[in-house]
Each structure stands twice: as C-alpha cells, then as structure tokens.
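Supplied in structure tokens, the structure appears directly below.
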Amino acid sequence: NDPAGYRKMVEKCVKKSQRGMFINEPNSSLKFKQENEMHVALRELMVDRLQDPTMVTRSIVLNCVKEAQKIGSERIKAASEKKEKEGADEGSDEKLAAAAEN
C-alpha cells in the first residue's frame, strides 16, 4: 500500500546486489567500479565525437577524458549543492511546521 516505500526498498536491494559486481580480484590489472558522473560524461563525449572509427586518435580520446573529468566534477559538485539545499529546505519546512503547531 506504499508504492514509494516499496520502490525505495527495491532500489536499495538492486544497489546492494550490484555492489557484488564490483568486487575485484586481488592483484588483477582490471578494476571494476560503479559508474559515476565522469564515466557518463566520457561516454556522452565519445559517442558525440568518435563517430568515425577511422578518425580516432590518441589525442582526441585523451581530450575527451580530460573534458569528461571537468564535466563530471561540475556535475558532482552541482548534485552535492542541490542535495545540501534540499536538506536545508527540509529542515526549514520542519521548523515552520513545528512553529505552526505552537
């Protein structure tokens, strides 16, 4: 009877299940990590800029990586600021509700 609560529970289970995918073997040269904003930005840039495989160069790929780091950092910072603001807004909503009760 609580769709939002059920959805959160499912998302939590999915995240817990997916964490096992990122357990790496000791001494392996491969390191699996969860996707982050930099990975998303890199994928977007590469799809956009590397459409012709015959034109791919090392410098183009490295430029995509550098730009993805910048974009990803900006996205992470913006998401963090948004989360902080939402937390501050929730706190002020709770204060207003408490004041209204008194």
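Values below: every heavy atom of this structure, side chains too, minus hydrogens, waters and symmetry copies. In this text the structure is predicted, and so the values were computed from the model without any measurement.
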Atom pair CD/CD of Glu84 and Glu86 - distance to nearest 0.5 Å: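 So the CD of Glu84 and the CD of Glu86 are separated by 11.0 Å.
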
Sidechain N-carboxylate O distance under 4.0 Å for Glu44, Arg75: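 Salt bridge flag = yes for Arg75 with Glu44.
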
Non-hydrogen atoms of Ser73 and Met38 that approach each other most closely: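 Result for this residue pair: OG-CE, 3.2 Å.
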
Ser59 backbone acceptor or donor facing Asn63 side chain under 3.5 Å: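 Between the backbone of Ser59 and the side chain of Asn63 there is a qualifying donor-acceptor contact (under 3.5 Å).
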
Closest non-hydrogen atom pair between Lys31 and Glu25, with its separation: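 So the minimum-distance heavy-atom pair works out to NZ-O, 4.2 Å.
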
hydrophobic_cluster_shared for Leu62 and Val56, side chain cutoff 4.5 Å: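 In one cluster with Val56: Leu62, no.
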
Side chain proximity check, Arg49 to Glu67, heavy atoms < 4.5 angstrom: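 In contact.
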
Nearest heavy-atom neighbours spanning Ala41 and Gly72: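 Looking at all heavy atoms of both residues, the closest pair is CB-N, 4.3 Å.
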
Test side-chain contact (heavy atoms from CB on, under 4.5 Å) applied to Leu45 and Ile71, step by step: CA-CA 10 Å; Leu45 288 167; Ile71 292 168; 4.1 Å; yes

Side chain Ser80, main chain Ile76, donor-acceptor under 3.5 Å: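 Answer holds: no.
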
Sub-4.5 Å side-chain heavy-atom contact between Arg43 and Glu35: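 Contact flag for Arg43/Glu35 side chains = yes.
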
Salt bridge present between Arg7 and Glu11 (N-O < 4.0 angstrom):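 Result for this pair is yes, salt bridge flagged.
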
Interatomic distance, Cys64 atom SG to Asp48 atom CG [nearest 0.5 angstrom]: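 Taking SG in Cys64 and CG in Asp48, the distance rounds to 8.5 Å.
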
Nearest atoms (heavy-atom pairs only) where Ile60 meets Met55: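 Minimum heavy-atom separation between Ile60 and Met55: CD1-O, 3.5 Å.
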
CG-NZ distance between Leu42 and Lys66, expressed to the nearest 0.5 angstrom: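 If we round to the nearest 0.5 Å, Leu42:CG and Lys66:NZ are 13.5 Å apart.
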
